[in-house]
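Here the structure is laid out as structure tokens; the discussion comes afterwards.
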Amino acid sequence: MKNLSRIFTLVLGTMIITSGLAMAESTQFTPLNFDDSSAIRTTTTTSSTASSSVLTGTSGNTMLDPSQVTGGTKMQNAILQLDNAQIEVRNQLLNYKTNYEALDAQLKQVKADRKAAKKQVKQAEKRIKNLDKAKSKIRKNFEQKINM
């Protein structure tokens, strides 16, 4: 019973995987933004008689108008407006990046100045501490000499 269920699950899994691959193979990607210079050629199938070419009025390949393929001038204008908006946003991004880099440089300079000032403060405090120690030693020595 266990072997039968294992075989069944393996077969079912294989079928699911292969069906997904088979479906993915049959789908085709067709972008909406075609160039104006390119056009879709549709081929009409002709039978052994000449009646099909007489019925359609054309023989062989027919060219579609590029405005029909890309959705007309409104679609093209919308795409151009989106392109222009994208360019504007990219320019703003460059401005923001340069502003950020300038502020970052200022921040680094301020941090370096702060670090140098902190070092100077520590050195001054250390000097004061050393001078206080020296004064206390001198006072102790002076008191010892007086007490003797």
Side-chain angles (χ1 to χ4, degrees), residues 1-46 52-53 55-146:
M1 189 66 170
K2 287 183 181 181
N3 288 338
L4 185 62
S5 64
R6 285 182 189 170
I7 292 171
F8 179 71
T9 55
L10 286 174
V11 169
L12 184 64
T14 307
M15 285 177 52
I16 290 173
I17 291 172
T18 55
S19 66
L21 293 174
M23 293 225 182
E25 244 179 58
S26 64
T27 58
Q28 293 179 353
F29 175 70
T30 55
L32 293 177
N33 53 352
F34 298 118
D35 293 337
D36 288 340
S37 63
S38 67
I40 296 177
R41 296 180 183 198
T42 58
T43 58
T44 57
T45 57
T46 58
S52 65
S53 65
L55 290 176
T56 59
T58 59
S59 63
N61 296 335
T62 59
M63 299 285 287
L64 291 177
D65 187 24
S67 64
Q68 291 174 344
V69 173
T70 58
T73 57
K74 288 183 181 179
M75 178 75 79
Q76 291 173 356
N77 287 338
I79 291 172
L80 286 175
Q81 287 177 352
L82 289 173
D83 285 341
N84 291 337
Q86 187 179 20
I87 290 170
E88 280 185 34
V89 170
R90 284 185 178 164
N91 288 337
Q92 286 178 350
L93 177 65
L94 287 175
N95 291 338
Y96 293 151
K97 281 185 177 181
T98 55
N99 188 22
Y100 175 78
E101 289 173 357
L103 291 174
D104 192 40
Q106 288 177 356
L107 177 67
K108 287 180 181 178
Q109 182 64 35
V110 167
K111 283 185 177 181
D113 291 344
R114 183 176 179 264
K115 189 175 182 180
K118 187 176 181 180
K119 188 175 181 180
Q120 288 176 346
V121 167
K122 282 187 178 182
Q123 286 177 351
E125 288 175 348
K126 189 175 181 180
R127 286 182 188 160
I128 290 172
K129 193 184 252 186
N130 286 338
L131 290 174
D132 283 340
K133 285 181 183 179
K135 278 188 347 184
S136 65
K137 284 181 182 180
I138 291 173
R139 282 187 187 148
K140 283 183 183 179
N141 285 337
F142 186 68
E143 287 178 2
Q144 286 177 357
K145 287 182 182 181
I146 291 177

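In this structure, CG on N84 lies 12.0 Å from CD1 on I79, to the nearest 0.5 angstrom. Remark: I17 CD1 to M15 CE distance equals 12.0 Å, nearest 0.5 Å. Note that OH of Y96 is 13.0 Å distant from CG of L103, once rounded to the nearest 0.5 Å. Annotation: the span from Q106 atom CD to D104 atom CG amounts to 10.0 Å, rounded to 0.5 Å. Distance CD/E143 to CZ/R139: 8.5 Å, rounded to 0.5 Å. Atom CG of residue N77 and atom CG of residue L82 lie 11.0 Å apart, to the nearest 0.5 angstrom.
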Open item on the list: Checking R6 against N3 for the side-chain contact (heavy atoms from CB on, under 4.5 Å) test, could you report, in this order, the C-alpha distance in whole Å, the side-chain angles of both residues, the deciding distance, and whether it holds?
Closed with: CA-CA 5 Å; R6 285 182 189 170; N3 288 338; 4.2 Å; yes
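Counting only heavy atoms from C-beta outward, the side chains of D132 and K135 approach each other to under 4.5 Å.
Residues that satisfy the side-chain hydrogen bond (donor to acceptor under 3.5 Å, both in side chains) test with Q109, not counting sequence neighbours, are D113.
When each of K126, Q120, K119, K118 is paired with K122, the side chain to side chain contact (heavy atoms under 4.5 Å, CB included) condition holds for K118 and for no other.
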